[in-house]
Each structure stands twice: as C-alpha cells, then as structure tokens.
Colleague: 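My questions will all concern the structure given below.
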Amino acid sequence: MNGILYFSSTGNSLYIAKRLQERIGGEIYYIPKYQRDGSEFEKLFLVTPVYSYGMPSHVYDLLPRLNKSKEIIIIQNYGGMSGGADYLIYLYALKCGLNIASVYKMQMPENYTLTFTVPQFYLKGILKKADGRIDAIIDKIQNRNYEIPRKRAVKEAKYLKNKSDWHLIARDFSTNGDCIKCGKCAAVCPTQNISVSRDGVVFSDKCVACLGCYHRCPQKAIIYKNKLKKDRYVNPNIDEEQIGKDILK
Ligand SMILES: Cc1cc2nc3c(=O)[nH]c(=O)nc-3n(C[C@H](O)[C@H](O)[C@H](O)COP(=O)(O)O)c2cc1C
C-alpha cells in the first residue's frame, strides 16, 4: 500500500494527491494531523506546495521523523517561480537521512495573492494543463523514470529567514463587517491560530502563512492590510470540504 502525505491550504496539492491515488492507489493523509513515520506503507509519496522557494513548515517538520528506509517520492507544486525549491527539499531530505527516489515539480495556480490578482484567463489556462502535467509525472513514476533535481545554489538561509517570519503575517489579517463569525477560519487553520467568539476573530502568533483562512472564508471577510481585494482562490476541481481530510477510499 502506498502512503500519500499531503499539505494543502487551497486544494492544489490535494488535487494532485487524489489523482495519484486514482492512478496508483494508496491512502491519503493530511500532514498536520499525521503523527506516524510512514513505516506502515510500502512506498511514500509527499505532495507539497512550494513556500518561499522552500517548503511549508509542516513539511519541514515532518521529514526528520519519517522512516529512513522507505522509498520516498516528492511532488512539489508551485504558483509561478519555484527557484531551487526542488533541490532544497532534496538536500534537506538527504540531511534527514531519507531515501529519496525522485523529486518532481509542476505548476498549479498561485495562491500567494495577497497583493496582486491572477487574471482569470491565466488561472484557467494553468488549471487546464494540470491533468496533463500530473499524468506525465505519474507516467514517469510508473516507468521508474526517476528525477533527482539538478544541483543549484540553494538559498537555504533566505528560506529559513522567510519561514521564521511567516507567523508575522497574521498581524496584518483582520476581518471586515461581512464576517458572520461562522468559525470556518478557525476550523481550517492547521495551527489552531485563530479563535472566534461573539466579540470577533483573533489571529494569534502561530500562523504558518498557508492563507487557508483568507481564501476559504465564505464571506471573503478576512482581509490583508485593510485591502479591498475580493479575489480568493480554491481549486475548483475538488470538494473544498476534503482539504485537510484523510482520504482512505
Ligand atoms: C506562504 C506561501 C509562499 C509561497 N511561495 C511560493 C514560491 O516561492 N514560489 C511559487 O511559485 N509559489 C509560491 N506559493 C504558491 C503555492 O506554492 C501554490 O499556489 C500551490 O499550488 C498552493 O498549493 P495548495 O493549493 O495545495 O495549498 C506560495 C504560497 C504561499 C501560501
């Protein structure tokens, strides 16, 4: 049985994980809730977005505790420019003593859109190409056409600095008058960083900048730096309620 471990806040990585499950089988687990080390699986697949040319905090924390003898295949997805993220995760995994067979990467729609808007035609174009890109990766996996990222100057120090600053982003989140205090933001947050009461929504200091609350608020009531931006993104080809869930089939 394959283990497919994923992190996702807006569904792109979950979409890839589900396609992987459809074609090669396995159980899907959401990384923030996954406490084991992968020993129960024959092979491990890690599906993760790129954050700041690196990896989300939860993926960074997961790697050192994974079983060192299991074959691991990583699929990264990124919004626009992944820099040396594939090489960075590969080096970090090696440092953790892991058995990395392959690292693939592919583009998906950008979700780091706090300060700009992705034009709809561009977003649709990327979504249209997504299945072909995922399937090309799965074909490579099935043919054991494995890829090790080419060596590059990796800006590990810069990535670590960004990672250590992510929690600061929550200082610039607030809610506007459209907030109905439904509690969804708190429910989707992977770090329990948000509390909702009759008095309002409070963002604490454990934010990992995944932007799940920002994008998935049904009222678009979470705003960044008091901007009036109204565009939000969730992968339209998945059931949003499945983001953050395990899918065992
Ligand atoms: C904090 C943060 C940092 C990001 N950094 C990058 C980046 O360095 N390069 C890039 O191309 N995309 C970046 N992205 C975009 C995501 O990698 C991309 O949209 C991904 O598909 C989101 O996956 P998800 O829907 O599974 O969460 C970033 C997103 C977030 C939230």
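These values consider heavy atoms only, across backbone and side chains, with no hydrogens, waters or symmetry-generated copies. Start at 1 and go down the list; that is how both ligands and their atoms are numbered. All residue numbers in this chain count up from 1 along the given sequence.
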Colleague: What protein heavy atom sits nearest atom 27 (O) of ligand 1, and how far away is it?
Modeller: Ser9 N, 2.9 Å

Colleague: Do Asp61 and His58 have side chains that get closer than 4.5 Å, going by heavy atoms?
Modeller: no

Colleague: Please say which of Gln76, Gln107, Lys105 ends up in a side-chain contact (heavy atoms from CB on, under 4.5 Å) with Ser82.
Modeller: Lys105

Colleague: Could you tell me which atoms of ligand 1, counted from 1 in the order shown, lie closer than 4.0 angstrom to a heavy atom of Ser52?
Modeller: 3 (C), 4 (C), 5 (N), 6 (C), 7 (C), 8 (O)

Colleague: Check whether Asn111 reaches the backbone of Gly79 with its side chain - one donor and one acceptor, N or O, closer than 3.5 Å.
Modeller: no

Colleague: Report the residues that fulfil salt bridge (charged side-chain N to carboxylate O under 4.0 Å, His left out) with Lys140, sequence neighbours left out, ordered by chain and then residue number.
Modeller: Glu147

Colleague: Nearest heavy atom to atom 19 (O) of ligand 1: which of Cys207, Pro109, Gly79 does it belong to?
Modeller: Pro109

Colleague: Measuring from non-hydrogen atoms of Asn235 to any atom of ligand 1, is the shortest distance under 4.0 Å?
Modeller: no

Colleague: Look at Asp131 together with Arg19 and state whether they make a salt bridge at an N to O cut-off of under 4.0 Å.
Modeller: yes

Colleague: Which residue and non-hydrogen atom of the protein lie closest to atom 22 (C) of ligand 1, and at what distance in Å?
Modeller: Asn111 ND2, 3.4 Å

Colleague: Pull out every atom of ligand 1 sitting under 4.0 Å from any heavy atom of Ser8, numbered as shown with elements.
Modeller: 24 (P), 25 (O), 26 (O), 27 (O)

Colleague: Counting each atom of ligand 1 from 1 as listed, which ones have a heavy atom of Ala209 under 4.0 Å away?
Modeller: 1 (C), 31 (C)

Colleague: Using a strict 4.0 Å cut-off to heavy atoms of Met81, name the atoms of ligand 1 that fall inside it.
Modeller: 7 (C), 8 (O), 9 (N), 10 (C), 11 (O)

Colleague: If I take atom CD1 from residue Ile134 and atom CD1 from residue Ile141, how far apart are they, to the nearest 0.5 angstrom?
Modeller: 11.0 Å

Colleague: Check each of Phe116, Tyr233, Tyr78 against Glu110 using the side-chain contact (heavy atoms from CB on, under 4.5 Å) test, and report the only one that passes.
Modeller: Phe116

Colleague: How far is atom 2 (C) of ligand 1 from the closest protein heavy atom, and which atom is that?
Modeller: Tyr112 CD1, 3.3 Å

Colleague: Indicate the atoms forming the closest heavy-atom contact of Ser69 with Asn99, along with that distance.
Modeller: O-ND2, 3.4 Å

Colleague: If you have a sec, work out which protein heavy atom is nearest atom 6 (C) of ligand 1 and how many Å separate them, to one decimal?
Modeller: Val50 O, 3.3 Å

Colleague: Against heavy atoms of Met108, which atoms of ligand 1 measure under 4.0 Å?
Modeller: 21 (O)

Colleague: Check each atom of ligand 1 against the heavy atoms of Pro49 and keep those under 4.0 Å away; list them by number with element.
Modeller: 17 (O), 20 (C), 22 (C), 23 (O)

Colleague: Do any N/O atoms on Gly11 end up under 3.5 angstrom from N/O atoms on ligand 1?
Modeller: yes

Colleague: Ignoring hydrogens, what is the shortest heavy-atom contact between Asp178 and Gln219? Give both atom names and the distance.
Modeller: O-NE2, 3.1 Å

Colleague: Which atom pairs, one a donor and one an acceptor, fall under 3.5 Å between side chains of residues 35-54 and the rest of the protein, sequence neighbours left out?
Modeller:
residue : atom : partner : partner atom : Å
Arg36   : NE   : Glu40   : OE2          : 2.7
Arg36   : NH2  : Glu40   : OE2          : 3.0
Asp37   : OD1  : Ser39   : N            : 2.9
Asp37   : OD1  : Ser39   : OG           : 2.5
Asp37   : OD2  : Ser39   : OG           : 3.0
Ser39   : OG   : Asn67   : ND2          : 3.0
Glu40   : OE1  : Tyr34   : OH           : 3.2
Glu40   : OE2  : Tyr34   : OH           : 2.8
Glu42   : OE2  : Met1    : N            : 2.7
Lys43   : NZ   : Glu71   : OE2          : 3.4
Lys43   : NZ   : Tyr146  : OH           : 3.4
Ser52   : OG   : Trp166  : NE1          : 3.4

Colleague: Below 4.0 Å, non-hydrogen atoms only: which portion of Glu110 touches ligand 1? Side chain, backbone, both or neither.
Modeller: both

Colleague: Is the contact between Pro56 and ligand 1 made by the side chain, the backbone, both, or neither, using heavy atoms and a 4.0 Å cut-off?
Modeller: neither

Colleague: Does the side chain of Lys230 reach to within under 4.5 Å of the side chain of Thr117, using non-hydrogen atoms?
Modeller: no

Colleague: Which option, Tyr6, Tyr51, Tyr53, owns the non-hydrogen atom nearest atom 8 (O) of ligand 1?
Modeller: Tyr53

Colleague: For atom 20 (C) of ligand 1, which candidate among Thr10, Asn77, Leu14 holds the nearest heavy atom?
Modeller: Asn77

Colleague: Within ligand 1, which atoms have a heavy atom of Ser13 less than 4.0 Å away?
Modeller: 23 (O), 24 (P), 26 (O)

